[in-house]
Amino acid sequence: MKPVREVIGKGFFPNLVEINLLAQSLCRDGQPHEAQQLLMECMNKGCAVNVVNFSTVIHGFGQKDDLEAALSLWDDMYFCNKDPGSVTYTTLIDALGKAGRIEDATELSMKMLRQGLAPSPVTYRPVIHQYCRKGRVEDLMKLLKNMISKGRFQTLFNLVIEKLCKFGYLKEADSLLGEGLRTASRTDAKTCHVYLSVGIPMSTYTVSCQMFNRNLLPDLLLCEKVSRRLLIGGKLEEADRLVLRFVERDCVLSQDQKHLQD
DNA sequence: CTAGGGTTAG
């Protein structure tokens with residue numbers, strides 16, 4: 001990275017994007033401190049520097065688990081009168097979460113809302129992930145209610161349900177599924193799919209039926225999978241009804257089932 | 001032709 005510094009020293013003024021690309025490649029090399037130094041030198045030279053540039057380097061520190069450096073750069077950013085955007089917040093939230101400081105991460109996401117910044121689904125993902133990873137499902141549920149009250153995000157329920165599934169909290173996923181999904185959107189269909197492939201057999205039957213009712217149309221593979229698991233659980237009737245329901249839908253039969261029909 | 005930064009990964 002020495003060459004870059006020399007170039008800057010000789011009067012080359014990189015623009016915002018160039019600075020960012022340089023910082024990014026330094027961070028990818030595991031050298032966020034170098035990237036930070038680059039930022040400082042650019043500023044000293046009078047180059048314009050951005051929140052985006054700061055985010056990049058903060059992310060770099062987060063990747064290296066250097067939380068102290070990330071936080072101090074966060075402060076520097078305020079000092080330079082660059083107000084963080086929601087992406088910047090998300091970067092730090094993720095870093096805090098990865099370091100196990102879930103409370104701080106949560107607090108920061110609340111602070112972000114107080115600043116009037118709208119969180120994206122991505123903002124909450126790392127937080128939700130960490131709560132699940134630590135098994136703090138109760139707390140997550142409380143948090144979810146809080147998030148919902150702060151502003152509505154269609155995909156928030158989906159996000160939480162899918163995470164719960166991933167970590168095996170099926171009962172909770174199940175009850176949220178009944179509570180949160182009222183639409184027939186693609187994302188809801190995807191969430192149902194995620195649940196169906198791991199969920200509690202009896203309730204996967206219920207969910208499948210709800211999907212039919214809402215026109216979410218579970219596909220054949222999924223129906224087969226669910227009905228197979230129902231069979232294993234001894235629920236012959238439900239397994240049967242599910243496949244029947246699928247066939248009624250006039251969908252294409254798989255090779256296997258064509259065989260069975262003959 | 002306002003790009004470039006944020007999720008997941010045992």
Side-chain angles (χ1 to χ4, degrees), chain A residues 4 8 13-36 38-40 42-43 47-67 69-71 73-74 76-78 80 82-102 104-106 108-113 115 117-135 140 143-144 147 153-169 173 187 190-191 193-194 197-198:
Chain A
V4 175
I8 292 171
F13 286 75
N15 66 27
L16 293 169
V17 178
E18 287 162 343
I19 292 171
N20 209 49
L21 291 172
L22 288 167
Q24 228 180 330
S25 79
L26 281 169
C27 288
R28 268 200 281 268
D29 268 8
Q31 301 184 299
H33 279 103
E34 294 291 321
Q36 180 178 20
L38 175 76
L39 280 202
M40 297 314 160
C42 285
M43 288 169 75
C47 297
V49 169
N50 217 353
V51 272
V52 178
N53 303 141
F54 277 98
S55 302
T56 301
V57 181
I58 289 171
H59 183 229
F61 283 127
Q63 299 270 35
K64 274 205 107 183
D65 295 323
D66 194 344
L67 207 53
L71 287 167
L73 190 55
W74 177 265
D76 292 347
M77 187 174 52
Y78 276 104
C80 299
K82 308 270 184 276
D83 286 345
S86 68
V87 176
T88 324
Y89 267 98
T90 306
T91 308
L92 191 59
I93 288 168
D94 178 46
L96 286 165
K98 280 205 180 99
R101 291 168 60 170
I102 307 182
D104 292 334
T106 310
L108 193 62
S109 66
M110 295 308 159
K111 184 181 170 192
M112 174 180 153
L113 296 181
Q115 303 283 328
L117 293 169
S120 73
V122 177
T123 307
Y124 286 134
R125 192 185 307 251
V127 177
I128 293 167
H129 180 83
Q130 294 301 331
Y131 273 93
C132 285
R133 204 167 70 85
K134 298 270 179 183
L140 176 57
L143 188 61
L144 177 62
M147 290 166 171
F153 313 101
Q154 258 94 7
T155 54
L156 196 52
F157 269 103
N158 303 77
L159 196 61
V160 173
I161 292 166
E162 287 170 30
K163 278 293 179 195
L164 289 170
C165 285
K166 186 166 229 152
F167 285 86
Y169 300 106
T187 41
K190 190 194 140 210
T191 302
H193 281 212
V194 171
S197 48
V198 297

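Every chain is numbered from 1 and lettered A, B, ... according to where its sequence line falls, protein lines coming before strand lines.
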*Can you check whether A:Lys163 reaches A:Leu140 side chain to side chain, under 4.5 Å on heavy atoms?*
no
*Who passes salt bridge (Lys or Arg N to Asp or Glu O under 4.0 Å) against A:Lys166, sequence neighbours left out?*
none
*So, do A:Pro84 and A:Tyr78 sit near enough that their side-chain heavy atoms are less than 4.5 Å apart?*
yes
_Could you check whether any side-chain heavy atom of A:Leu156 comes within less than 4.5 Å of a side-chain heavy atom of A:Ile128, counting everything from C-beta outward?_
yes
*Do nucleotides 3-10 of chain B as a string where each nucleotide becomes B, S or -: B if the base has a protein heavy atom under 4.0 Å, S if just the sugar-phosphate does, - if no protein is that close.*
BBBBBSS-
*Got a second to check how far A:Asp94's CG is from A:Ile58's CD1, nearest 0.5 Å?*
12.0 Å
